[in-house]
Structures are given as C-alpha cells and as structure tokens.
Amino acid sequence: MEGMSGPHVIRGSVCLPEAELQWRFSRSSGPGGQHVNTSDSQVELRFDLARTESLPPVWKERALTRLAGRLVDGVVSVRASEHRSQWRNRESAAVKLAALLAEASAPPPRARRATKVPRGINERRLREKKQRAETKRGRSPKDWH
C-alpha cells in the first residue's frame, strides 16, 4: 500500500501485517459539504484475529479472550470517519487497531503485594476522625439552653 506511513507497530517488533488487513470504504456522515456525497471517506478495517499467524501465540490467546465481546467469527473490526479524507481515516483506523491489539495482548499487571498499614498512619486517621466527630457534635443544638 503506497502512501501509508509505514508498518503500524503493535508492540516490540510485532507489526500489523498488511496482507491480513481487509479494508472497506463507505460514505461517511458528518462534515464534508458537497464533497461528502461523492466520496467514500469512512473506513472499516477488519483483522482476522482467530486465523492470524503474525501474533505470538500467547498474545493471540490473550487478545482473543479480552476482545471476545467485540469479535465476530474471530474478526475484529475498527471504524474511522472523523476525517474528511479517506487517507487520513485509513491512518486513523490502522492506529486504532494497533492500539486495540497492543492493549488486548499486553501481559496482565503484576499482582499487588499486600502490605500492613503503618501504625502512625492508622493512629493519625483515628485522631482526625475523633476531631471531626467533636466538630460535628459541637454544631448540634442539644446542649444549648
């Protein structure tokens, strides 16, 4: 594809394979004036996640699990119509797809190690709590004569 701004990197050395991308163009709603009725500027980009060989197997498994709600027969699709030009929408769609796959195939975050709350912090919290209660009790008109 000439004119595209190079391979869209997912993460590390893994890129979106141009051969596995399916593009569809249609009329876009939104800005464009008279021009909008004649040009197919909306872009839909489809990527067959279930059958791809370009992603490492571990990434693919993670992505399939995390994107399960978005997939239709193992295919993930992204739509872009925010620009007037088809070329810019193509760029936008490719970037969106790369970002989506990067997020979906990222390793899970490290588990949080539970730590004990320091005694000083706990004591300060209780002291402030008592003080607040005093302030509020002082506002009540019970003791007034």
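None of the values given here were measured: they were computed from a predicted structure.
- Remark: Arg24 engages Glu44 in a salt bridge (Lys or Arg N to Asp or Glu O under 4.0 Å) (not counting sequence neighbours).
- Val117 belongs to a hydrophobic cluster whose other members, connected by ILVMFWY side-chain contacts under 4.5 Å either directly or through intermediates, are Ile121.
- Cluster note: Val75 groups with no other residue, as no ILVMFWY side-chain heavy atom lies under 4.5 Å from it.
- Enclosure of atom CD in Gln22 by more than 12 non-hydrogen atoms of other residues, nucleotides or ligands within 6.0 angstrom is indicated.
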Which side-chain N or O atoms in residues 48-55 pair as donor and acceptor under 3.5 Å with protein atoms at least two apart or in another chain?
residue : atom : partner : partner atom : Å
Asp48   : OD1  : Ala50   : N            : 3.4
Asp48   : OD1  : Arg51   : N            : 3.3
Asp48   : OD2  : Arg51   : NH1          : 2.7
Thr52   : OG1  : Glu20   : OE1          : 2.5
Thr52   : OG1  : Glu20   : OE2          : 3.4
Thr52   : OG1  : Ser54   : N            : 3.2
Thr52   : OG1  : Ser54   : OG           : 2.8

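- Applying the side chain to side chain donor-acceptor pair (under 3.5 Å) criterion to Gln131, with sequence neighbours excluded, gives no partner residue.
- Taking the salt bridge (Lys or Arg N to Asp or Glu O under 4.0 Å) definition, one finds that Arg119 meets it with Glu123, sequence neighbours left out.
- Residues passing the side chain to side chain contact (heavy atoms under 4.5 Å, CB included) test with Ala80 are Glu82, Asn89, Ser92, Ala93, Lys96, sequence neighbours excluded.
- Both Leu67 and Leu64 belong to a common hydrophobic cluster when Ile, Leu, Val, Met, Phe, Trp and Tyr are linked at side-chain heavy-atom distances under 4.5 angstrom.
- Partners of Lys130 by side chain to side chain contact (heavy atoms under 4.5 Å, CB included), not counting sequence neighbours: none found.
- Distance check, rounded to the nearest 0.5 Å: CZ of Arg90 to CH2 of Trp23 gives 5.5 Å.
- Note on Arg137 versus Glu134: salt bridge recorded, some NZ/NE/NH1/NH2 to OD/OE distance being below 4.0 Å.
- The line from CZ of Arg79 to OG of Ser26 is 6.5 Å long, rounded to the nearest 0.5 Å.
- Identified under the side chain to side chain donor-acceptor pair (under 3.5 Å) test for residues 59-70, with sequence neighbours left out: none.
- Cluster annotation: Leu21 is not connected to Val95 through the hydrophobic network of ILVMFWY side chains, with a link wherever side-chain heavy atoms come within less than 4.5 Å.
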